[in-house]
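Counting starts at 1 for both ligands and their atoms, in listed order.
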Amino acid sequence: MVRAVYPGSFDPLHNGHVDVIRRASRLFDHLTVAVVHNPLKDTGLFTVGERVAIVRETVAGMPEVDVTAFQGLLVAFMRRANATVIVKGLRAISDFEYELQMAHLNRQMNREVETLFVMTATRWSYVSSTRVREIAGLGADVSKLVPPATLRRLRRRFGGRDALEGAATP
Ligand code: PNS
């Protein structure tokens, strides 16, 4: 039985993440989406609890996927979860350096762990949580970029109006 973990800050979950979850879930017996506060990205849009709730709602129809939060080192969490594969999404070469460094460090700390990169589908390759937060915060519609569970909470947070509604089309 191969158990994999897809870790991330998911603030908020967007369609690129959902694509990676869906595709990775087909590769392993079990996939845990592990939400963690990343102090290097002190984003703070949603609490970790809210992010877990969003992911849970989104993966409700995927029986081989579960969702949890963790604190501390990922490799320690991997041991507790009895998992051997870390799944990460790659959108572009620009993600690679950051991800490669983490993959090497994680492997140096725990030799049992392998990192597997899933290339995000090209249709979502330009979507990032940072841009979703920015655009939604400025009042524009992000309904094409995020799953319904994220959209509902973004609308609750920022209001439902589309800042571009009624804008003249060039
Ligand atoms: O979605 P993110 O924020 O890019 O994911 C990064 C994350 C959360 C996977 C990474 O910061 C992490 O693993 N954090 C847990 C603490 C840890 O193990 N740090 C050492 C990484 S080499």
Side-chain angles (χ1 to χ4, degrees), residues 2-25 27-28 30-59 62 65-137 142 145-147 149-151 153-154 157:
V2 182
R3 292 176 173 275
V5 170
Y6 179 25
S9 32
F10 304 109
D11 194 24
L13 184 78
H14 58 64
N15 288 345
H17 296 132
V18 180
D19 172 58
V20 171
I21 293 171
R22 202 167 276 134
R23 287 164 52 214
S25 72
L27 300 175
F28 303 102
H30 190 269
L31 179 73
T32 297
V33 182
V35 181
V36 63
H37 168 70
N38 181 354
L40 301 179
K41 288 185 188 171
D42 210 3
T43 55
L45 172 59
F46 293 123
T47 65
V48 168
E50 287 171 318
R51 297 179 220 169
V52 168
I54 290 171
V55 185
R56 270 205 188 120
E57 199 179 315
T58 305
V59 304
M62 304 183 207
V65 180
D66 75 353
V67 187
T68 192
F70 77 99
Q71 290 181 331
L73 276 177
L74 173 60
V75 288
F77 174 76
M78 297 290 291
R79 281 220 174 92
R80 293 199 296 279
N82 206 13
T84 49
V85 181
I86 298 170
V87 172
K88 297 304 296 282
L90 276 185
R91 289 166 300 197
I93 290 289
S94 49
D95 287 339
F96 188 66
E97 204 170 334
Y98 168 77
E99 294 296 346
L100 184 69
Q101 183 191 39
M102 280 196 288
H104 282 311
L105 285 167
N106 283 327
R107 193 162 149 64
Q108 192 262 321
M109 289 186 278
N110 182 347
R111 288 269 156 211
E112 307 298 309
V113 160
E114 290 292 348
T115 299
L116 186 107
F117 294 110
V118 173
M119 311 313 150
T120 310
T122 44
R123 61 192 297 231
W124 306 123
S125 62
Y126 61 94
V127 182
S128 70
S129 294
T130 307
R131 292 299 163 222
V132 167
R133 280 197 308 276
E134 181 186 17
I135 294 168
V142 290
L145 309 179
V146 299
T150 303
L151 189 63
R153 283 168 180 83
L154 284 173
R157 177 66 57 93

Peer 1: Are the side chains of L13 and I21 in contact, using a 4.5 Å heavy-atom criterion?
Peer 2: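 Yes - at least one pair of side-chain heavy atoms lies under 4.5 Å apart.
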
Peer 1: Closer than 3.5 angstrom, by distance alone: can the side chain of D19 be matched with the main-chain N or O of A121 as a donor-acceptor pair?
Peer 2: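 Confirmed, D19 side chain pairs with A121 backbone.
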
Peer 1: Would Y98 count as a contact of ligand 1 if the rule is a heavy atom under 4.0 Å away?
Peer 2: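 For ligand 1, residue contact (heavy atoms, under 4.0 Å) with Y98 is present.
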
Peer 1: Any donor and acceptor pair, going by atom type alone, linking the side chain of R153 with main-chain N or O of A149 inside 3.5 Å?
Peer 2: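 Yes.
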
Peer 1: Protein heavy-atom contact under 4.0 Å for atom 16 (C) of ligand 1?
Peer 2: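 Yes.
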
Peer 1: For P12, does its backbone N or O pair with a side-chain atom of S129 as donor and acceptor, under 3.5 Å?
Peer 2: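 Yes, because the side chain of S129 sits within donor-acceptor range (under 3.5 Å) of the backbone of P12.
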
Peer 1: Between the candidates G8, S129, A34, which shows the shortest non-hydrogen contact distance to atom 5 (O) of ligand 1?
Peer 2: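 It is G8 whose heavy atom sits nearest to atom 5 (O) of ligand 1.
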
Peer 1: Which protein heavy atom lies closest to atom 3 (O) of ligand 1, and at what distance to 0.1 Å?
Peer 2: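 Of the protein heavy atoms, S9 OG, 2.6 Å lies nearest.
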
Peer 1: Return the residue, atom name and 0.1 Å-rounded distance of the protein heavy atom closest to atom 21 (C) of ligand 1.
Peer 2: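 Its nearest protein heavy-atom neighbour is N106 OD1, 4.0 Å.
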
Peer 1: Begin with the C-alpha distance, continue with both residues' side-chain angles, and end with the deciding distance and a verdict on side-chain contact (heavy atoms from CB on, under 4.5 Å) for R131 and E134.
Peer 2: CA-CA 5 Å; R131 292 299 163 222; E134 181 186 17; 2.7 Å; yes

Peer 1: Would the distance check show the side chain of R157 and the main-chain N or O of A136 forming a donor-acceptor pair, the cut-off being under 3.5 Å?
Peer 2: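 Looks like no, no N/O pair under 3.5 Å.
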
Peer 1: Considering only non-hydrogen protein atoms, determine which one is nearest to atom 18 (O) of ligand 1 and report residue, atom name and distance to 0.1 Å.
Peer 2: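 For this ligand atom, the closest protein heavy atom is L74 N, 2.8 Å.
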
Peer 1: Under 3.5 Å, is there a donor-acceptor pair between the side chain of D95 and the main chain of L90?
Peer 2: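 No; zero donor-acceptor contacts below 3.5 Å.
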
Peer 1: Can a donor-acceptor pair be found, under 3.5 Å and without considering hydrogens, that links the side chain of R91 to the backbone of W124?
Peer 2: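 Here the side-chain-to-backbone pair does not exist.
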
Peer 1: Provide, to 0.1 Å, the distance between atom 10 (C) of ligand 1 and the closest protein heavy atom, together with that atom's residue and name.
Peer 2: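 Checked against all protein heavy atoms, atom 10 (C) of ligand 1 sits closest to M102 SD, 3.8 Å.
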
Peer 1: Should the pair H17 and F10 be assigned to parallel (<30°), tilted (30 to 60°) or perpendicular (>60°) ring geometry?
Peer 2: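 It falls in the perpendicular class, over 60°.
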
Peer 1: Heavy atoms only: which of V36, V5, N38 lies closest to atom 8 (C) of ligand 1?
Peer 2: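 Minimum heavy-atom distance to atom 8 (C) of ligand 1 goes to V36.
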
Peer 1: As an exercise, identify every atom of ligand 1 less than 4.0 angstrom from a heavy atom of G72.
Peer 2: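 Those atoms are 15 (C), 16 (C).
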
Peer 1: If you have a sec, work out which protein heavy atom is nearest atom 9 (C) of ligand 1 and how many Å separate them, to one decimal?
Peer 2: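 The closest heavy atom on the protein side is K88 NZ, 3.8 Å.
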
Peer 1: Below 4.0 Å, non-hydrogen atoms only: which portion of L105 touches ligand 1? Side chain, backbone, both or neither.
Peer 2: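 Looking at L105 and ligand 1, just side chain atoms fall under 4.0 Å.
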
Peer 1: Indicate, as side chain, backbone, both or neither, the part of Q101 found under 4.0 angstrom from ligand 1 when only non-hydrogen atoms are considered.
Peer 2: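 For Q101, no heavy atom sits under 4.0 Å from ligand 1.
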
Peer 1: Should the proximity of L73 to ligand 1, defined as any heavy atom under 4.0 Å, be assigned to the side chain, the backbone, both, or neither?
Peer 2: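 For L73, backbone and side-chain atoms both sit under 4.0 Å from ligand 1.
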
